[in-house]
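Everything on this sheet refers to the single structure shown next.
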Amino acid sequence: MSDFSQEFIQHLINGISLGSIYALIALGYTMVYGILQLINFAHSEVYMVGAFAAYYTARWIPKFTGHELPPGAMTLVILLCASMFVCSVLGVTIERFAYRPLRKAPKLNILITAIGVSLFLQYAGQIVFGADPKVFPNVMNDAVIMNFGTAELRLLDVTILGVALFFMAVLTYMIQYTKTGKAMRAVSTNWTVASLMGINVDRIISITFIIGSSLAGVGAVLVGMKYPKIEPLMGTLIGIKAFVAAVFGGIGNLGGAVLGGIILGLCEEMVVAYISSTYRDAFAFGLLILILIFRPAGLLGRPTQEKV
Amino acid sequence: MKHIILTAVLALAVTSGCTRKSDTAAGGGTEKASANEILVGEYGSLTGSEATFGISTSNGIKMALDEVNKAGGVKGKQIKLITLDNQGKSEEAAAAVTRLITQNGVTAVLGEVASSRSMAAAPIAQQNKIPMISPSSTNPKVTEVGDYIFRVCFIDPFQGTVMAKFASENLKAKKVAILRDVKSDYSVGLADFFIKKFKDLGGEIVSDQSYQSGEMDFKAQLTQIKAAKPDAVFVPGYYTEVGLIARQARQLGLTVPLMGGDGWDSSKLFEIGGTAINGNYFSNHYTTESTEPVVVEFIKKYKERYGDTPDGLAALGYDSAKVLVEAMARTADLKPSQIRDEIAKTKDFNGVTGKITIDAQRNAVKPAVIVKVDGNINRFVTTIAP
């Protein structure tokens, strides 16, 4: 294999691994948007809190139970559960106290509140957790699974992709084949009509926040595994990128968020590899602008008529 | 409707990042100096992603000023320190210094670590003719702002030169790759000066990659660097990213030494980087392995007070405060303009970070040390003089 193709494979692996994390977080943005037409800026902070939840779980379990958490699948599952639980509680709380009172207010009010909640959590996080970076515990021992010349496929990347795909599959099943999923789709299409059909809209919105936030929790643990440095401001950059991925794929569209995330991850990686690392974000965001010029609804979004 | 707007306004008011006064700072928001006090202002990143920089520096400054106060103060007056947090943001740094000077009426300002933030604050100190000493901003542009701006550390051209010399002479590297943080004036400056000197020494730069602080994934850049087959990689960033960069470099099988500047100096570097950071080199202001009495004494007192080994930033914070106090003691009546003149005359001041002499450009002339990361200890490798 030539050097070029080996490097290309390495970039491909790196890009998909990064993209699958963007995709998980993008799903949370897109789900809330699909139902509430709200860009939930606090989502990136829910993700940050999820990372800290996993961090403290890993530290406290040995302290209180006397059992060490050895790196492996068991630890991964425990941390995922802890992070998803804390994230969903936080997500529902934010919805209940910050967004629900504004349900009938103009869209702009609730958007500003979302920014407020986001900043509140960022700075509260610095007070509660401390502003200095913390080191995420070792969740699993990394190893090389397969070699393509100098390119390596590592256990960590495979696990990240596997876990991400698993949760995406669970989500798809829920949305498409369960009663709750059907209700969610109904609320997303038209919530007034849905409520007339006997759907408890508030409950469905809470469930949406539970699901979206727990996906952020999954993303947080996966990111912590791969990039073991967590801090209260860790959500900002990845939050913007996941948001871009969601818009890119067509905000409100679940498949679009996943596709957008993977494309953004690959795009960033390839720009660094073959153009210039300085222009990493410039190209990624430039692509977004282009897509929005030619397909304003995003890649998979259905163009809709603005209702007046 | 009314209460909805109120809620939104309240939420914003609570969360908007206003300059927060650190709870350890003495004095209220608009406090003026009383007759037997001298007010000194400090601004630093006590929160934010580079919080350990601000906290270490602040610890060093506090320790120095407390020592001075215990010994009777300056000219019979006690020094009162007002510390403001800038959250690691340039715009907050400018706001903090404006507040220190116009509201609190300080006679001198100490800060910042990051060159970007010192540069945001320096013009304000200069306009108000209040002397400012940066403990550890190494970008040359900081003191070029005006004649009231000083520093007690060496500058990037020197630091870059030192590392280039070290790479060429000690590591015998012929080909070096660069990975710089384009968001930081410090990192970009250091990389440029390194490249210039390294090329003069006959070396070759095989790859020049960049990233932005806050990013987590550097594999694309590192894969490119690995393909260029360098003998060493120069990563003049801050410890927060450097730890991750080291991990990812080793994961990708890039095993050549990484080199950096004083931005690596933090007890968190090893925590974040793990064993991947071991065996890499960076230039620093001082070494804890020094046997100089002033250093040994400083480390002992710092450990007693804070329970932690002081990093280079704590040492520079300490020196900046001591240089300021010594200049104040030499003035006739503690006017800012006189303090300025006296700081400029500092010569062979015996600081923790070496003998400090302020040159005509208001920079400190002093040697740099190269250390090798070995767990939580930075092993002394060599000293390179100006």
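Values below: all heavy atoms of this structure, side chains included; hydrogens, waters and symmetry mates excluded. Just so we're on the same page: letters track the sequence lines, and every chain starts at 1.
- For a residue to count as touching a neighbouring chain, one of its non-hydrogen atoms must lie under 4.5 Å from one of that chain's; by this rule B:Q212 touches chain A with the side chain only.
- Residue contact with chain B, scored on non-hydrogen atoms closer than 4.5 Å, involves the backbone and the side chain of A:E269 alike.
- You'll find the ring centres of A:H43 and A:F243 outside the 6.0 Å limit.
- Interface remark: B:L244 contributes side-chain atoms only to the contact with chain A (heavy atom separation under 4.5 Å).
- When heavy atoms are compared at a cutoff of 4.5 Å, A:I110 does not approach chain B at all.
- Counting only N and O atoms by type, the side chains of B:S266 and B:D311 include no donor and acceptor under 3.5 Å apart.
- Taking the side chain to side chain donor-acceptor pair (under 3.5 Å) definition, one finds that A:R59 meets it with A:Y55, sequence neighbours left out.
- The parts of B:K219 that come within reach of chain A are both its backbone and its side chain, each placing non-hydrogen atoms under 4.5 angstrom from that chain.
- Note: B:Y186 and B:Y238 have parallel aromatic rings, judged against thresholds of 30 and 60 degrees for the angle between ring planes.
- When heavy atoms are compared at a cutoff of 4.5 Å, A:N138 does not approach chain B at all.
- Salt bridge A:E231/A:K134: absent, no basic N to carboxylate O contact under 4.0 Å.
- Taking A:T236, A:V135, A:L156 one by one and counting their heavy-atom pairs under 4.5 Å with chain B, the maximum is reached by A:V135.
- Only the side chain of B:Q248 comes within contact range of chain A, judged by heavy atoms closer than 4.5 Å.
- For the atom pair NZ of A:K107 and CG of A:L111, the computed distance is 11.0 Å after rounding to the nearest 0.5 Å.
- The only member of B:E92, B:E91, B:E112 that meets side-chain hydrogen bond (donor to acceptor under 3.5 Å, both in side chains) when paired with B:N86 is B:E112.
- In this structure, no portion of A:V271 lies under 4.5 Å from any heavy atom of chain B.
- Among B:G88, B:A51, B:S210, B:G243, the residue with the largest count of heavy-atom pairs under 4.5 Å with chain A is B:S210.
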